[in-house]
Q: 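This is the structure I have questions about; it appears just below.
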Protein chains: 2
Amino acid sequence: MSLPHALLALLSGREMTGYEVSQQFGRSTAHVWQAPDSQIYPALRRLAEQGHLEVEEVDDGGRGTKKRYRVTDAGLDELRYWLASPTQYRRQRDPAYLKAAYLEWAEPAVVRELLTEHIAFHAEHLELLERTRATLLDGSHPTLARRLERHPVAEHEQIVAWKVFAYDGLIDQARTEIAWARRGLDLADRLAGQVTDRVGRA
Amino acid sequence: MSLPHALLALLSGREMTGYEVSQQFGRSTAHVWQAPDSQIYPALRRLAEQGHLEVEEVDDGGRGTKKRYRVTDAGLDELRYWLASPTQYRRQRDPAYLKAAYLEWAEPAVVRELLTEHIAFHAEHLELLERTRATLLDGSHPTLARRLERHPVAEHEQIVAWKVFAYDGLIDQARTEIAWARRGLDLADRLAGQVTDRVGRA
DNA sequence: TTTGACATGTAATGAGTTACATGATTTC
DNA sequence: GAAATCATGTAACTCATTACATGTCAAA
């Protein structure tokens, strides 16, 4: 149930239209919380109904109207309340680890493909995370830059530091996954070697 | 959509009643895939309807009947098919990391509590994982022991190795989380120190 | 005698996914 | 002329969660 809080957190940086929010959810916020448009637009409407967001209808030059959302004081209170309430850890559900525990049912080729794809997936993710982390530090992250404008300079270091901290954790996670899958490939080789040995001796 | 596959994987070790399955989902399988009873019983029924499981009604001495489920050949095929199909990586949705990225909105005391709880949660989890890993290696893991009985000795090492591999990954994940949150506590101290400095100088 | 294990679910609700709908404008 | 971007959703469905329901038996 954190989607509304993810939206409040994102909009705490600056006001945005629904479309901009959905764009951010495809870029920066996506690293910690992903959601499709079909969840975002209704969630924004509900937050507005609850008074956590303020809506302004903006004319969009002939092609209809767009809605600009701004966090209200009640919305900021809700954000702080959520940060202070106990974190709801989600149930463990990891398809890759579930598969890993039962790899005795898979052919060696399947095992290798699975682990290779695990590495590829997280390597790509890792690269993206590292690139984004760099933009946080060199000031070229547009959403962060706009966020900082609204805060006194004394607070900037703190704001940046927590964002970098979050990315550091995600980067560590990705590296952990890659290292694990590499050890899995080594294990696959060892197990294959043993089978070969037995066949050779027979 | 991996719950049915988690059930097939678990039942590939030996036949079980619905209750035993739900017990295992509270113990060994839970580390990679958790589900409540209300999901497990209907899922077992659906797997039986699809022919992936075989049901046997067992009289339970006066107190009704229980159902014993056994994986069919079609069920094993489905398990192998699932292992070979591309892993569906789930959308990133981590409340702890979402909070971390916006900790500038939280009081220092809230930050510390959050990170301390993150450490406690994963430390407890880690301990459980390490204890379970040990039982896999010393032969005292009951579900694994029963699974091995049904396989030739030559395959035992392989079966155990993949289970241990999965646990090793989960253990690394838990350690990564703990290390990350510890660095967060250091960061909180550093940021608090700076505020104190400024106040001191003023 | 009450607690916990055994045994199997249903019902209501909420969260999340996939596919689709619509139409303008800008860029290649 | 086609593709991408802007802009906002609905509808149908599946998956997951929480709470509840029901009754027996064994052990403390």
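Here is how names work: the chains are called A, B, and so on, in the same order as the sequence lines, proteins then strands, and each is numbered from 1.
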Q: Report yes or no: do Trp33(B) and Ser2(B) form a side-chain donor-acceptor pair below 3.5 Å?
A: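 No, Ser2(B) and Trp33(B) have no side-chain donor paired with an acceptor closer than 3.5 Å.
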Q: Looking only at side chains, do Glu117(A) and Thr87(B) share a donor and an acceptor under 3.5 Å apart?
A: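 Judged by distance alone, the side chains do not pair up.
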Q: Can you work out whether Pro36(A) or Gln23(B) has the more 5'-proximal nearest nucleotide on DNA chain C?
A: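 Looking at DNA chain C, the more 5' nearest nucleotide goes with Gln23(B).
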Q: Students often mix this up, so state it plainly: with edges at 30° and 60°, are the rings of His125(B) and Phe121(B) parallel, tilted or perpendicular?
A: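 Judged by the thresholds at 30° and 60°, the geometry between His125(B) and Phe121(B) is tilted.
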Q: Among dT17(D), dC6(D), dT8(C), which nucleotide sits nearest the side chain of Gln39(B)?
A: dT17(D)
Q: Can you tell me how far CG of Asp189(B) sits from CZ of Arg112(B), rounded to the nearest 0.5 angstrom?
A: 5.0 Å
Q: dA15(C) P sits how many Å from His5(A) NE2, rounded?
A: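 Nearest whole value for this atom pair: 11 Å.
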Q: Please state how far atom CH2 in Trp33(B) lies from atom P in dA16(D), giving the value in whole angstrom units.
A: 6 Å
Q: Counting only non-hydrogen atoms, which of residues 82-93 of chain A are less than 4.0 Å from DNA chain C?
A: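 Within residues 82-93 of chain A, the residues near DNA chain C are Arg90(A).
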Q: When the distance from OH of Tyr69(A) to P of dG9(D) is rounded to whole Å, what number comes out?
A: 6 Å
Q: Is the shortest side-chain N/O distance from Tyr19(A) to OP1 or OP2 of dC6(D) below 4.0 Å?
A: yes
Q: In terms of ring plane angle, is the pair His31(B) and Tyr167(B) parallel, tilted or perpendicular, where the classes change at 30° and 60°?
A: perpendicular
Q: Can you find a donor-acceptor N/O pair under 3.5 angstrom joining the side chain of Ser38(B) to the base of dT18(D)?
A: yes
Q: Under the salt bridge (Lys or Arg N to Asp or Glu O under 4.0 Å) test against Glu54(A), which residue among Arg70(A), Lys67(A), Arg68(A) passes?
A: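 The salt bridge (Lys or Arg N to Asp or Glu O under 4.0 Å) with Glu54(A) is passed solely by Arg70(A) among Arg70(A), Lys67(A), Arg68(A).
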